[in-house]
Amino acid sequence: MTLPVLKELRRVDGYLPIEDYGLVGDGATAALIGRDGSLAWLCLPRFDSPPLFCSLLDSTHGGHFTVAPAGVLESRQFYEYDTALLVTEMRTSTGLLRVTDLCPLVAGADLSEDVSATRRELLRTATVVEGSIDLTVHVEPRGGAEAEPRDGGLRIRCRAQPDLNLHLYSTSPLIGLRTSLTIKAGQSVHLLLCWRQGSGHAPGFDEAALRRDTVAVWRRWLQCLDYHGPQEALVRRSAITIKLLDHFENGAIVAAPTSSLPELIGGERNWDYRYAWVRDAAFSVYALHRIGLSHEAAGFLAWVLDAVERDGEPRVMYDLDGRMPPEERFDSGLEGYRRSKPVRWGNAAAEQHQHDVYGEILDCAYQWPAHHGTTSERVWSRLLKLVDAAAGAWRKSDHGIWEVRTCGRPFTYSAAMCQVALDRAARMAERVRSPGPVEAWKRTAKEIQNAILEEAWDPKMQSLTEHLGDGGLDASLLTLPLRRVVSANHPKMVATCRAILERLGAGQGLLYRYLPEESPDGIAGHEGAFLLCSFWLVDNLAEQGRLDEAMELYTSLCARAGPLGLLPEEIDPPTGAFLGNYPQAFSHIGVISSGVNLARLFEKAGRTC
């Protein structure tokens, strides 16, 4: 493994670039740790809990847990191979410090099972590699805290979360929430932050065992990964990243671990992504399934069908328990990343109607028995209700894949996913001889396909459009061939692909989702280029036989990943800087899915990639 070079730390408006953060997690929550040794994001005890540390959104008042030397000149980050163990190396004028971060997992845990693997701990190990280091350990939860000696460590009482049972243990004495230490080459300080239930904890901990057990769990899970295509290292990292967004115990997958990282610096397009969107989770499990990591699909399907049955109909998104997320609210106590307000908790899109959810669920249900067995009668009966709903919804207005905050419209993508629901139901019924009006489903699916090709087509624009009837260009139309609604080689699809590249192109293969001035979404301002859309373009070019163009674009997109192999939701086209919540499941889905597609199509063409 080639290590990245040590680089000078550069802050803008008092903040590190988004790409200067690494992710660790345990299938219940996740932390972001900067190249400066600061833990700048951690919600406890779960992804969707209030943040204990969030200096990512307010460098002064957000709170942090910093383990760093004084006077950092340059630094770098990397992961231990095939793990979620993050290493940050920081050089000063007197030495080199290595900080290793991990969320320990239960020894022997099997990540292919829907069971909790969290120990409710975060382990930070600071080791001097060269010279001597003046080390600072500074714990400052948002809202302030008090510490008292307890069980050989510190019991930390957080003012903003008084019920959180938080302890910090150390192999070197801590005098309080801020401690300075001098350590020399070969010496280490091990720090264990615990938030377990119960009244106390054993003061001793075996750092080596925690690390060894966690490495073993991650590498055991990755033994099932089966991928032979381009950018293999990034595909493997993408799989780990998506798994870090998985709530292990029940199969829910959050869209991203963060909230309110802006889609445009200084803009208001700042959203809370710490919830499980049906769409995003379905995309995630399908991507993992395609590289041999299939068990996540079964967990997600069971989780989402339970949630649908409880509510009577599918929602756009859920919290980790499969219930409605909290109401969206602004947090005036945080200035936002680089002063991009507002900071939001909760997500108002949870109240929207988005008809694509029917197709997302049915497509996931279709993929599972196609490779792993039959669908039970109980699951089939639950799916039938969704098929009927899709048949009745495809012409109705909704808020679409991009969750516009205007009145609803008959979005083409939503109609297409209703077609997917009907098509997959018919295929499943025929394959396993399950009961259902198969011929009626096929007729309706064909009717929707014809409506998309006729009613969404704009002869002046020479493209399909975002609505059945009229509207602007929408990059989500690039998914129509991927979901087998319209062939990539259909003349209208080829023309649509060309129009999207020409009119939504942001340069160097980057694409905007749509243009707000042509497709009003009810939100002020603009945004960056949406990475997943460019991966969809890769897939279309490849399916059209333009393999070299597709590979060139795919390579350029993968090159946009940070040194850790992590990707955001969006890219700022002029600068290449990361925008939006991070790391984003959608973008890593693109890495995996487009890689698989390219490998398949190059092999089919008798070529190597």
Can you tell which of Arg237, Arg236, Arg219 makes a side chain to side chain donor-acceptor pair (under 3.5 Å) with Asp82?
Arg236
Criterion side chain to side chain donor-acceptor pair (under 3.5 Å) against His190, the qualifying member of Asp206, Thr125, Thr100:
Thr125
Where do Tyr337 and Leu16 land on the side-chain contact (heavy atoms from CB on, under 4.5 Å) test, with the steps shown first?
CA-CA 10 Å; Tyr337 177 79; Leu16 291 176; 6.0 Å; no
Please check this pair: side chain of [X] against backbone of [Y], looking for a donor-acceptor N/O pair closer than 3.5 Å.
{"X": "Trp41", "Y": "Pro257", "answer": "yes"}
{"X": "Arg274", "Y": "Thr258", "answer": "no"}
{"X": "Asp572", "Y": "Gly576", "answer": "no"}
{"X": "Asp48", "Y": "Asp319", "answer": "no"}
{"X": "Ser587", "Y": "Pro568", "answer": "yes"}
{"X": "Asp474", "Y": "Ser476", "answer": "yes"}

Within the structure provided, determine whether [X] and [Y] are in side-chain contact (heavy-atom separation under 4.5 Å).
{"X": "Tyr554", "Y": "Val591", "value": "yes"}
{"X": "Tyr15", "Y": "Leu56", "value": "no"}
{"X": "Leu105", "Y": "Arg119", "value": "no"}
{"X": "Arg124", "Y": "Phe65", "value": "yes"}
{"X": "Leu510", "Y": "Leu531", "value": "yes"}
{"X": "Leu32", "Y": "Pro583", "value": "yes"}
{"X": "Arg484", "Y": "Arg424", "value": "yes"}
{"X": "Phe578", "Y": "Glu570", "value": "no"}

Ignoring hydrogens, what is the shortest heavy-atom contact between [X] and [Y]? Give both atom names and the distance.
{"X": "Ser284", "Y": "Ile242", "answer": "CB-CG2, 3.9 Å"}
{"X": "Leu301", "Y": "Cys364", "answer": "CB-SG, 4.5 Å"}
{"X": "Leu553", "Y": "Ser534", "answer": "CD2-O, 3.8 Å"}

Does the distance from a Lys or Arg side-chain N to an Asp or Glu carboxylate O, for [X] and [Y], drop under 4.0 Å?
{"X": "Arg405", "Y": "Glu328", "result": "yes"}
{"X": "Glu309", "Y": "Lys385", "result": "no"}
{"X": "Glu207", "Y": "Arg212", "result": "no"}
{"X": "Asp306", "Y": "Arg382", "result": "yes"}
{"X": "Asp110", "Y": "Arg220", "result": "yes"}

Under the ring pair (Phe, Tyr, Trp, His ring centres under 6.0 Å) test, which residues partner Phe53, sequence neighbours left out?
none
Tyr21 ring center within less than 6.0 Å of Tyr582 ring center
no
For Tyr318 together with Trp303, are the ring centres under 6.0 Å from each other?
yes
Would you say [Y] and [X] are linked by a side-chain donor-acceptor pair, where the criterion is simply a distance under 3.5 Å?
{"X": "Arg315", "Y": "Gln354", "result": "no"}
{"X": "Asp539", "Y": "Asn597", "result": "yes"}
{"X": "Ser238", "Y": "His588", "result": "yes"}
{"X": "Asp26", "Y": "Thr118", "result": "yes"}
{"X": "Ser414", "Y": "Asp356", "result": "no"}

From the options Trp271, Phe530, Phe411, select the one residue that forms a ring-ring contact (aromatic ring centres under 6.0 Å, His included) with Trp402.
Phe530
Show the numbers, then the answer: is there a side-chain contact (heavy atoms from CB on, under 4.5 Å) between Cys418 and Tyr358?
CA-CA 6 Å; Cys418 288; Tyr358 303 118; 4.3 Å; yes
side-chain contact (heavy atoms from CB on, under 4.5 Å) for Leu111 and Lys243? Distances and angles first, verdict last.
CA-CA 9 Å; Leu111 300 190; Lys243 189 62 178 177; 3.9 Å; yes
Are Leu85 and Val215 close enough, and set up right, to give a side-chain contact (heavy atoms from CB on, under 4.5 Å), and what steps lead you there?
CA-CA 8 Å; Leu85 276 67; Val215 167; 3.6 Å; yes
In terms of relative ring orientation, are Tyr275 and Trp277 parallel, tilted or perpendicular, with 30° and 60° separating the classes?
tilted
